[in-house]
Amino acid sequence: MDFITPLIGIIDRLCTATASRASRVINLDRSMHSLTAELSELMDKRDDLMTRLERAELDGSRRTNEVQRWLARVEVIEAEAASIMENFGQCRQGLGCFNPSCCSKYNMSTEMIEKLKDISELKGKGNFERLVTEPRPAPVEEKPCKPAIGIGVMLDKVWEFLEEEKVGIIALYGMGGVGKTTLLKTINNAFLSSDHNFDVVIWVLVSKEFVVSKIQQSIVARLGLPWADSEAHELLTSKIYNVLKKKRFLLLLDDVWEGIDLGDIGIPLPDDENKCKLIFTTRSMDVCSDMDAHRKLKVELLNDEKSWQLFCEKVGRMDVLESPPIRTYAKTIVQKCGGLPLALITVGRAMASKETEEEWKYAIELLNKSPSELRGMEDVFTLLKFSYDNLENETAKMCFLYCSLFPQSYSIEKEQLVEYWIAEGFLDSSYDSNAYNKGYAAIGSLKVAFLLETGEEETQVKMNDVIRSFALWIASGCGINKGNFFVEASLGLTEAPGVKNWEGAQRVSLLDNAITRLEEVPICPNLLTLLLQWNNCLNRIPDDFFQSMSALRLLDLSFTSIRRIPVSIGQLLELRHLNLTATKITALPKELGSLAKLVHLNLLRTYSLRTIPREAISGLSKLVVLNLYYSYERWKIQNSNCEDEVGFEVLETLTQLRFLGLTISKVTSLHRLSGIRSLVKCIQYLFIKECEGLHQLELSTLGYGKLLRRLSINDCNELNYLVVDGDAGENWLPNLEVLALYGLPNLISVWKTRPREASLQNLRLLNIWYCHRLKNVSWISLLPRLEAIYLFYCKALEALVSEDEKLGPDSKSFSRLKTISIRDLPALRIITPLALTFSCLKNIAVIDCPKLKKLSIRTAHNSTTLPTVHCSKDWWEGLEWEELNTKSAFLTNFTSN
């Protein structure tokens, strides 16, 4: 019986266990209900927590690691509970891969109970003291940047701008490779070691491929904010704004190519209230305006001294550079880099291993002819190509490339450039104001993009040496097809390059050399432009020279010494533009009349031109521009015997004519011309000489007033004055730019009646010689754009502006005047009755004016330099000064004659 007791215990325990298991199986539905309810409560807790988190994260806070782990665990538990619920549903429907036996139901019940424990535990742990931590980005992150040469002055200027309370946005603009990024990095790194009031300095590279989301992600990452690639744009914008509006930030945007909507990114607009600042770099002045920059600072090219310093640093071989021959070559190379830091660095590194004269000479040859072949220069050009690619249209690109036909740093007249572009067909070929305006707009676009810059005068533009080399590289298809542009300008050539070099070229430029003759006859069926001007010694061109240039549109032979035009000129049936300015030709060939498409014929200052056959002009039915200023004067009068010579009646047949320059030497010709309204209304340049019996020149009644730009009158001994009738209105001669009066011994006054204030608004240059009865030119004080005055050999001239003129000390007269040159004026006592401020004056020349004892010039408050005075030392020492400070300032710039 002893074995019965243990047996009963075992049976009892089995029954208890079985009863427990049976209970779980029986209560399975109740357990599922509990699991569902608990999971729902956990999800509600999770969702409430996420709402609080999202609100906190909008302010830039980051969830704690504890919270992040809890949320991850909730995600796992949710997935496991969902699996149990799915299995339970299948079990109840008799589905799945198992029978709904007691055993499987018991296992399911066990899982539910364990999951209920997990959920309960998670719910208990879901009460957090802190959900988030606030990000604390480092105030400044250092950017790798080497010490830069020549940026000290610009850095000082930036610090000045940053100190100005009203300045929120600062633009650093300049051409590619000039050092804008280096300057911006230097500004960023300066805040590492200096005390400042910014909470955070943020650097963002924008680049040409501008994408808002990329900028947002850079800012979010810099601020240490959480984000995901899938995060909506609006959410990122709000997140950035909510953080930055609480901070005093300095935002540095590098390489901006277009206007950026700061609000769209989430950046509060910097102003004097939030004390925030934005500095950006750009290659375009338009972007400065689009970004509403309060201050703009041009990052300038390096001067000669700094260029040499940077180049030497990169070469690193002073023992080589100090060798006299190599130093000369090195200086030439530095000059060809045009002050562009990137080019100086690249070429300097390329020359670091060169030790012989031959290697340095070869480098110069490469820079002259194929700069992209010098190691590293193609990378420079690739960088500059972004600016070229960003030009608004193909017209601007072609206009840019055309400028490379001119020599390095050569100042090109804007008007001439536009005329070339019209001839080439880049612009409207009609030569109307729209075509010119379009051309000037293209120049403006190229200047804004820093692909062109202002020349020596405001009317000129020029191209930086490196930019020109880049343009030639682009014109050659990035070095692939070097034959398109054949350019050997200003190289000192005495012989023309072999014509084999011209074949296949579309544009050839040999201007500004010392070529004396053209011997070979080139075969150039594709040639569109041929520039031969400024070969002063060129005196011979073969008669058949032009016979194989059937496509030529533009030919410039100006400032050469040719005496006759080859008859083969008549075969240039596509020619639109022919420039023969300042040549020594004596006659026009009748073959010229075959050029039915010729639009522009310039014969300016062809002093020797005596013969113009009727046939040479009558066939030019499309002629728009004909300039005979300081040129042909033998105009045939009606009914004269010279039937073969051109007369005004031939010019009348040129119905497309819009610009006419003429030289008149007889009063009869002048009167005849005044009766031909179709010609008078076209006259823009007029030279009147040696007209006997001309007592007064009535400009308004003759109809010359509207378009006249240049007026020269020489050796008209009986002329007393010029007349512009009162009926001409307030605005006399609105387009007159140059007035030259020479050898007019009876000229009492330039104008019969004093010009009104609105008159002569565009007069820039006044030139008066040998007018011995003229006492003053007081009317010049009314000229707002006057730039230069030349008064020579006028015996009675007592004052430039007489004492009768009511000029106050703050008068705006002469605000643009750059040059005053006076000579042999024995009666001259004063320049102006009061000392005036000449804010733009650069040069004063005074020779043989013994009665002039004062210079009526006052220093501008913001002027750093005064004009250079050219005069005798004795005269200078005898001057009287109202303010001694003015004299001492002049002394620093005084140049003795």
Side-chain angles (χ1 to χ4, degrees), residues 402-403 405-407 410-424 431 439 455-457 459-462 487-491 493 496 507-518 527-541 545-546 549 552-566 568-569 572 575-589 592 595 598-610 612 616-617 620 623-632 659-663 684-685 687 709-710 712 738:
Y402 201 88
C403 296
L405 295 173
F406 295 88
Y410 182 90
S411 289
I412 317 162
E413 286 292 336
K414 294 179 189 177
E415 184 176 6
Q416 181 188 39
L417 196 53
V418 172
E419 288 168 350
Y420 282 180
W421 292 344
I422 293 173
E424 273 272 7
Y431 274 83
E456 292 181 9
E457 301 292 337
T459 59
Q460 300 171 332
V461 288
K462 64 181 180 180
V487 182
E488 293 197 355
S490 286
L491 295 181
L493 304 178
R507 295 172 182 93
V508 172
S509 174
L510 299 174
L511 69 88
D512 194 29
N513 281 299
I515 298 169
T516 56
R517 58 182 60 196
L518 299 172
L527 189 61
L528 300 172
T529 288
L530 177 58
L531 303 182
L532 292 167
Q533 67 264 37
W534 288 106
N535 280 283
N536 303 99
C537 300
L538 179 61
N539 55 42
R540 183 180 178 278
I541 301 177
F545 186 79
F546 298 116
M549 299 181 183
L552 194 67
R553 294 180 178 181
L554 188 150
L555 174 61
D556 197 329
L557 293 165
S558 60
F559 298 96
T560 61
S561 295
I562 60 169
R563 286 177 164 77
R564 57 186 296 275
I565 302 170
S568 59
I569 193 88
L572 300 178
L575 197 66
R576 269 80 162 166
H577 184 113
L578 176 59
N579 192 350
L580 295 165
T581 296
T583 55
K584 297 180 179 180
I585 58 171
T586 57
L588 293 183
L592 194 69
L595 307 181
L598 192 67
V599 177
H600 187 118
L601 177 58
N602 196 345
L603 294 158
L604 173 73
R605 299 190 186 279
T606 48
Y607 303 106
S608 302
L609 185 59
R610 295 287 181 269
I612 301 182
I617 300 296
L620 306 178
L623 204 62
V624 174
V625 176
L626 174 61
N627 196 348
L628 288 158
Y629 185 65
Y630 279 84
S631 179
Y632 181 81
F659 178 112
L660 181 60
L662 285 179
T663 300
Q684 296 192 32
Y685 287 19
F687 177 36
R709 293 171 57 194
R710 295 192 180 190
S712 293
V738 176

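Values in this document were obtained by computation on a predicted structure and should not be read as measured data.
- The OH atom of Tyr402 sits 8.5 Å away from the CG atom of Leu417 when rounded to the nearest 0.5 Å.
- For the pair Ile569/Leu595, a side-chain contact is recorded, criterion being any heavy-atom separation below 4.5 Å from C-beta on.
- For the residue pair Asp512 and Ser490, the shortest heavy atom distance occurs at OD2-OG, 2.5 Å.
- Every side-chain contact (heavy atoms from CB on, under 4.5 Å) that Gln684 has, sequence neighbours left out, goes to Phe659, Leu707, Arg709.
- Residues Ala423 and Leu554 come closest through the heavy atom pair CB-CD1, 3.8 Å.
- How far CG of Leu555 is from CG of Leu531: 8.5 Å, rounded to the nearest 0.5 Å.
- Here the closest heavy-atom approach between residue Ala616 and residue Pro589 is recorded as CB-O, 3.5 Å.
- Residues forming a side-chain contact (heavy atoms from CB on, under 4.5 Å) with Ala496 (at least two apart in sequence, or on another chain): Ile515, Leu518.
- Under the 4.5 Å side-chain criterion, counting only non-hydrogen atoms from C-beta, Leu592 is in contact with Leu601.
- Considering only residues two or more places apart in sequence or on other chains, Arg710 meets the side-chain contact (heavy atoms from CB on, under 4.5 Å) condition with Tyr629, Tyr685, Val738.
- Between Asn535 and Thr560, the side chains place no donor N or O within less than 3.5 Å of an acceptor N or O (distance only, hydrogens not considered).
- Put simply, the side chain of Asn513 gets close to the backbone of Leu493: a donor and an acceptor are under 3.5 Å apart.
- Expressed to the nearest 0.5 Å, how far OG1 of Thr583 lies from CG of Leu603 amounts to 7.0 Å.
- Tyr630 and Ser712 share a donor-acceptor pair across their side chains, judged by distance under 3.5 Å alone.
- Of the inter-residue distances, the one linking His600 atom NE2 with Leu620 atom CG reads 13.0 Å to the nearest 0.5 angstrom.
- Classification of Arg507 and Glu424 as a salt-bridged pair holds, one side-chain N sitting under 4.0 Å from a carboxylate O.
- For the 3.5 Å distance criterion, the side chains of Thr459 and Glu413 qualify, holding a donor opposite an acceptor.
- There is no side-chain donor-acceptor pair under 3.5 Å between Thr663 and Ser631.
- Counting only heavy atoms from C-beta outward, the side chains of Val625 and Val599 never approach each other to under 4.5 Å.
- Side-chain contact check for Leu552 versus Leu528: every heavy-atom pair is 4.5 Å or farther apart.
- Between Pro566 and Phe546, the shortest heavy-atom contact is CG-CE1, 3.8 Å.
- No side-chain heavy atom of Leu575 sits under 4.5 Å from any side-chain heavy atom of Arg553.
- Across every non-hydrogen atom of His577 and Leu598, the tightest pair is N-CD1, 3.8 Å.
- A heavy-atom distance below 4.5 Å is not found between the side chains of Tyr420 and Cys403.
- Nearest heavy atoms, Gln416 versus Asn579: NE2-ND2, 4.2 Å.
- Atom CG of Asp556 sits about 8.5 Å away from atom CG of Leu578, to the nearest 0.5 Å.
- Asn539 and Ser561 share no side-chain donor-acceptor pair at under 3.5 Å.
- The CG atom of Leu604 lies 11.5 Å from the CG atom of Leu626; values are rounded to the nearest 0.5 Å.
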